[in-house]
Structures are given as C-alpha cells and as structure tokens.
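Model, not experiment: these values are computed from the prediction.
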Amino acid sequence: MSTFHAVVWMDHSEAHVVMFDREHAESQRIRSRSHHKHQGKAEDVAPFFSHVADALADTREVLLSGPGLARTEFRDWCTRHRPTVAKVVVDSVSADHPSDAQLVAMARQYFRKFDNMAADPSMN
C-alpha cells in the first residue's frame with residue numbers, strides 16, 4: 001500500500017508498520033531474528049532494520065514509536081544506511097504497547113498537528 005503517512009511501533013523483537021490514509025490502514029508485523037534482543041548489536045539488528053526500512057520505501061512521512069531505544073537506533077541506522085528513509089522520519093515518540101488501532105489514532109492526531117504547523121506561514 002503506497003500512502004503518505006506511516007507509523008512504526010518497534011522494540012528489539014518486532015515492529016508494527018502501519019500505512020494509512022484518511023480511510024484505510026494496512027499493518028504489517030516484522031519480527032527480529034536476533035537472539036540478543038536488548039543489546040542492539042549491529043550485526044543482529046541490521047537485517048531487522050533493513051526489513052523495516054524496506055516496508056517504508058513508498059511513504060513520505062513516518063512517525064516512530066516504541067517503549068525503548070530501538071526507535072532511536074533504527075533512526076540512526078537509517079541515517080547511515082538508508083538516508084532516503086531517514087529523511088521521511090518526522091519524529092520519534094514513546095509508546096508502551098498500543099493496539100494497531102490505537103497506534104493509528106495516535107499517528108493521525110500527531111500528523112494532523114504536524115501538517116497544520118507545516119501549513120502555517122508563521123512557522124517557516
């Protein structure tokens with residue numbers, strides 16, 4: 001699904017990638033195959049992060065969320081290895097374990113505010 005917005009909830013064991021527009025949402029779950037879930041070793045997270053980045057290929061704005069450091073590590077990894085994905089990540093917010101519906105609701109609210117600020121000439 002090619003959409004303008006996506007939200008990703010992630011920790012070191014899995015990522016929920018949800019692409020959405022005004023009327024539709026499509027989610028994908030990507031699991032890490034690493035046995036070192038909380039150590040963030042580069043050789044362990046690279047395949048996982050690569051799959052998440054691939055899922056975001058056609059998206060123009062991405063909001064990252066999650067409970068720990070994985071979202072920050074993913075953003076840093078993208079800066080080094082997938083700069084086109086890094087450029088579309090607009091923010092990273094903390095979130096425990098929301099359902100996909102809660103995740104989309106949070107992202108829609110975020111992007112509504114984000115898009116309104118971007119349209120305000122006084123903010124440029």
Side-chain angles (χ1 to χ4, degrees):
M1 178 178 192
S2 178
T3 62
F4 193 76
H5 292 120
V7 60
V8 178
W9 180 95
M10 68 188 322
D11 61 16
H12 285 101
S13 62
E14 68 180 344
H16 295 245
V17 179
V18 184
M19 312 290 228
F20 63 94
D21 58 23
R22 289 181 185 209
E23 300 163 3
H24 305 94
E26 181 178 299
S27 65
Q28 174 182 356
R29 185 172 293 179
I30 301 168
R31 296 189 189 275
S32 171
R33 295 177 189 228
S34 171
H35 298 290
H36 305 284
K37 302 294 186 214
H38 300 287
Q39 295 179 13
K41 295 182 179 181
E43 64 274 7
D44 292 333
V45 298
F48 174 53
F49 286 170
S50 180
H51 289 301
V52 176
D54 289 346
L56 299 171
D58 294 330
T59 307
R60 295 185 53 206
E61 291 181 344
V62 177
L63 176 63
L64 300 177
S65 66
L69 296 176
R71 65 187 192 276
T72 304
E73 292 169 2
F74 174 71
R75 192 175 201 173
D76 293 344
W77 182 90
C78 285
T79 299
R80 290 188 308 275
H81 302 284
R82 299 283 184 90
T84 55
V85 174
K87 288 178 185 177
V88 299
V89 174
V90 296
D91 205 352
S92 175
V93 297
S94 180
D96 278 336
H97 289 77
S99 68
D100 285 350
Q102 291 170 321
L103 194 58
V104 170
M106 175 191 72
R108 281 190 171 128
Q109 181 179 12
Y110 177 88
F111 283 120
R112 200 170 11 258
K113 289 178 185 176
F114 180 79
D115 291 344
N116 285 340
M117 283 179 40
D120 183 353
S122 68
M123 298 300 289
N124 292 330

side-chain contact (heavy atoms from CB on, under 4.5 Å) partners of [X], counting only residues at least two apart:
| X | answer |
| --- | --- |
| Glu23 | Asp21 |
| Val89 | Val62, Leu64, Arg75 |
| Ala70 | Met10, His12 |

Residue pairs involving residues 80-90 (criterion side chain to side chain donor-acceptor pair (under 3.5 Å); sequence neighbours excluded):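 Listed once each, the pairs are Ser50-Arg82, Asp54-Arg82.
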Mind checking what makes side chain to side chain donor-acceptor pair (under 3.5 Å) contact with [X], not counting sequence neighbours?
| X | result |
| --- | --- |
| Ser92 | Arg71 |
| Arg22 | none |
| Gln102 | Ser99 |
| Asp91 | Tyr110 |

Candidate pair Asp100 and Val104, rule side chain to side chain contact (heavy atoms under 4.5 Å, CB included), full reasoning: CA-CA 6 Å; Asp100 285 350; Val104 170; 5.5 Å; no
Gap separating the CD1 atom of Ile30 from the OG atom of Ser13, nearest 0.5 angstrom: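 So the CD1 of Ile30 and the OG of Ser13 are separated by 12.5 Å.
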NE2 on His5 to CZ on Arg60, rounded to 0.5 Å: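 If I round to the nearest 0.5 Å, the distance is 9.0 Å.
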Heavy-atom side-chain proximity of Leu56 to Val88 below 4.5 angstrom: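 Not touching, per the 4.5 Å side-chain cut-off.
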Flag side-chain contact, heavy atom, 4.5 Å: Met106 against Ser65: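 Sidechains of Ser65 and Met106: in contact.
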Ring pair (Phe, Tyr, Trp, His ring centres under 6.0 Å) against His97, all qualifying residues, sequence neighbours excluded: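 Applying ring pair (Phe, Tyr, Trp, His ring centres under 6.0 Å) to His97 gives Trp9.
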Pairs satisfying ring-ring contact (aromatic ring centres under 6.0 Å, His included), at least one member in residues 52-76, at least two apart: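 Every pair satisfying ring-ring contact (aromatic ring centres under 6.0 Å, His included) with a residue in residues 52-76: Phe49-Phe74.
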Quick one: closest heavy-atom pair of [X] and [Y], and the distance?
| X | Y | result |
| --- | --- | --- |
| Ala55 | Met19 | O-CE, 2.9 Å |
| Val18 | Ala25 | CG1-CB, 4.2 Å |
| Ala107 | Leu63 | CA-CD2, 4.0 Å |
| Ala53 | Val85 | O-CG2, 3.9 Å |

Chi angles and distances behind the side chain to side chain contact (heavy atoms under 4.5 Å, CB included) call for Glu61, Phe4: CA-CA 6 Å; Glu61 291 181 344; Phe4 193 76; 3.5 Å; yes
Val90 reachable from Val93 in the ILVMFWY side-chain graph, under 4.5 Å edges: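 In one cluster: yes.
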